[in-house]
Amino acid sequence: MRWVYVEELKKYVGEEVELRGWVRRKRSSGKIAFIDFRDGTGFVQVVVEKSTVGDEQFLNADKLRLESSVIIRGKVREDERAPGGVEVLATEVHPVQIPQEDFPIQKPDHSIDYLMEHRHLWLRSRRQFHIMRVRDAVIKAIRKFYWERDFVQIDTPIFTGAIGETAGNLFEVDYFDYGKVYLTQTGQLYLEAACMAFGKVYNLGPTFRAEKSKTRRHLIEFWMNEAEVAYYNHEDNMQLQEDLVYYIVQYVLEHAYDDLVAIGRDVSKLEKVQKPFPRMTYTEAVKFLQNRGFDIKWGDDFGGDEETVLAKQFDSPVFITHYPRQAKAFYMQPDPTNPEVVLCDDLLAPEGYGEIIGASQRIHDYDLLVERLKENNLPVEKYDWYLDLRKFGSVPHSGFGLGVERTIAWIAGLEHIREAIPFARTLYRVHP
RNA sequence: UCCGGCGUAGCUCAACCGGCAGAGCGGGUGGCUGUUAACCACUAGGCUGGGGGUUCGAGUCCCUCCGCCGGAGCCA
């Protein structure tokens, strides 16, 4: 008999099939039992009738408990009474393993602490199933986008020396006799090296920030997609970001629409995302906020509340550009028309999900870069290889980093970013 | 790190001004051929997060430690 997955059941109406999976829930009467069955591709109801299967098989069904693993054989049929329109009338029920204790997650009313403590089992629940499929769609979209544009994937290292954006916020690791190394905060500097070799490059991988951040938008370990392109200026860079984010939204709408609906996402909000995305300079944004009564002066960075107010004016993500250079990283190229600001942009997602992209054109002039390193009290000698890039055929280049979980949280409409990653690492949780 | 909150049965929560620790769900037993978080009956289940203090008496008030949650700063 043919082993099939739930997602393809509709092709087998009228046929006998074998299903391999788990019991999500069970309701049983004396002579009929209903099993909510799942196999990782979907959910289907299995009906076990005593009159059809006989006493022995019925007993097999009756002794199943929540999250028992089970192999079921039966006939696929359409039935209006079944959730989803298709159900399986069992002929054989073969338990694989029956738990000896209660499954810890029974009802949808557990505390978040309890659910996170049981994340390894919580992943089996319906809502988490759909969220992870949205995550999968977002990541597939990212890879497909770059693949279609002939970018080269360059995997940047996880262990790095003491360079990156900021000296603090780094996780230290002992590296044999070498001494201390650090978990990566960004692969940008390595991508800058790679773009001078391959032109258009990107990465996708985990990054780590030892920030004691405790908000719905922060993870200690999160995934980032970064891209870097030689000869791209700031404008080219923003165009690429806009194309990518728009592409991701369209891809998810096309390939994970049912998952979005299943978790209650207001899909119309995503359908309103349009190109071109609105743009605002930092200076305009400060004036806008001041007019709304915010206590903010030119030179300050935006907090969560400020970002939310700015982003909520628009249906699409909004670019905030040309920040003061003191507020940004050392490697950003000054604006030739106003050296107090740099050629950078942050992309803020709608609905208060905050910054999903940080981007800039990079300094390509050797002397200027050294000057900026000194200005920021960074150890110039540790940036030896990074400075080399400015010695040998240096060109203007630009790039950005997209926060994958923040993008997922926005697209899926999640209240907290911890549900956007299979096993979240937050300030007070590394288990499981 | 700072500010605030919570911790009572396996889970989610009650318990008035300090006065006998309760319910629903889940578990067990029995019943039920169309259930959707099934339903009905019966049943077992507790060192009220740890330690200390006030009091005739503490789940409740005070101190402290632990755990978690929400927010701030910082960031994607």
Side-chain angles (χ1 to χ4, degrees), chain A residues 24-36 43-53 58 61-62 65-66 79-84 87 89 99-118 121 125-126 164-166 168-170 184-188 206-226 241 245 300-307 317 327-329 345-349 353-359 400-410 415-418 420-421 426-429 431:
Chain A
R24 208 178 79 82
R25 223 182 284 289
K26 191 188 75 175
R27 295 169 294 277
S28 152
S29 305
K31 292 170 186 166
I32 185 168
F34 300 93
I35 297 167
D36 285 354
F43 304 85
V44 71
Q45 175 166 277
V46 174
V47 183
V48 188
E49 294 176 342
K50 201 172 193 172
S51 59
T52 305
V53 299
F58 191 79
D62 206 43
R65 304 178 68 185
L66 265 58
D79 193 313
E80 286 177 358
R81 293 170 297 184
E87 66 178 20
L89 180 63
Q100 295 301 301
E101 47 193 290
D102 303 346
F103 191 67
I105 298 171
Q106 306 271 3
K107 295 277 178 174
D109 65 346
H110 294 290
S111 64
I112 189 62
D113 178 31
Y114 183 85
L115 289 170
M116 289 303 288
E117 189 61 26
H118 295 84
L121 304 176
S125 77
R126 198 149 188 158
E165 297 191 2
T166 47
N169 303 339
L170 286 162
T184 182
Q185 290 185 318
T186 168
Q188 179 197 316
T207 53
F208 309 85
R209 302 275 168 96
E211 295 161 358
K212 295 212 162 181
S213 302
K214 262 181 64 62
T215 79
R216 69 184 75 231
R217 296 198 306 275
H218 287 85
L219 291 167
I220 304 299
E221 175 184 316
F222 67 97
W223 281 57
M224 192 150 66
N225 157 234
E226 296 173 287
Q241 295 160 48
V245 172
D300 294 343
D301 212 343
F302 302 130
D305 289 348
E306 284 92 348
E307 285 186 356
K328 288 291 176 181
D345 65 81
D346 285 356
L347 185 66
L348 308 184
Y353 282 94
E355 183 181 347
I356 55 173
I357 284 181
F400 64 88
L402 170 85
V404 172
E405 285 77 17
R406 281 194 185 170
T407 303
I408 293 164
W410 160 49
E415 277 188 19
H416 199 297
I417 197 169
R418 65 187 154 218
I421 188 168
T426 55
L427 197 47
Y428 296 120
R429 182 174 295 287
H431 175 274

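- The aromatic rings of A:Y114 and A:H118 lie tilted to each other, with the angle between the two planes from 30° to 60°.
- For A:F34 and B:G34, the ring-to-base geometry does not satisfy the stacking test (centroid distance below 5.5 Å, interplanar angle below 30°).
- Looking at A:K50 and A:D62, no side-chain N of the basic residue comes within less than 4.0 Å of a carboxylate O on the acidic one, giving no salt bridge.
- The nucleotide B:G73 finds no pairing partner, because no Watson-Crick or G-U wobble arrangement with both distances shorter than 3.5 Å includes it.
- When distances are taken from the side chain of A:Q45 to each of B:C69, B:U33, B:U35, the shortest belongs to B:U35.
- Residue-level contact check: A:R24 touches neither bases nor backbone, having no heavy atom under 4.0 Å from any strand.
- Pair assignment for B:A44 gives none, since no Watson-Crick or G-U wobble pairing has each distance under 3.5 Å.
- The side chain of A:Y114 sits closest to B:G10 out of B:C74, B:C32, B:G10.
- As the counterpart of B:C39, B:G31 is assigned, both hydrogen-bonding distances of the Watson-Crick or G-U wobble pattern falling under 3.5 Å.
- In terms of phosphate contacts, A:H416 brings a side-chain nitrogen or oxygen within less than 4.0 Å of OP1 or OP2 of B:G70.
- Between A:L219 and A:G303, the one whose closest nucleotide on RNA chain B sits nearer the 5' end is A:G303.
- When the P atom is used for both B:C17 and B:U54, the distance is 25 Å, rounded to whole Å.
- When the P atom is used for both B:G4 and B:A44, the distance is 45 Å, rounded to whole Å.
- In this structure, the separation between CZ on A:R217 and CD1 on A:I356 is 12.5 Å, given to the nearest 0.5 Å.
- Under the salt bridge (charged side-chain N to carboxylate O under 4.0 Å, His left out) test applied with A:D36, the options A:R126, A:K26, A:R27 reduce to a single match, A:R27.
- Within 4.0 Å (heavy atoms only), A:G30 reaches at least one base atom of the nucleic acid.
- Taking the P atoms as reference points, B:A23 lies 11 Å from B:U43, given to the whole Å.
- Listed nucleotides: B:G71, B:C75, B:U12. Nearest to the side chain of A:H110: B:U12.
- By the 4.0 Å N-to-carboxylate-O rule, A:R429 lies close enough to A:E117 to be salt-bridged with it.
- Nearest to the side chain of A:T215, among B:C69, B:G73, B:C75, sits B:G73.
- No N or O donor and acceptor, one from the side chain of A:S213 and one from the base of B:C75, sit under 3.5 Å apart.
- The side chain of A:R217 sits closest to B:C75 out of B:G27, B:U33, B:C75.
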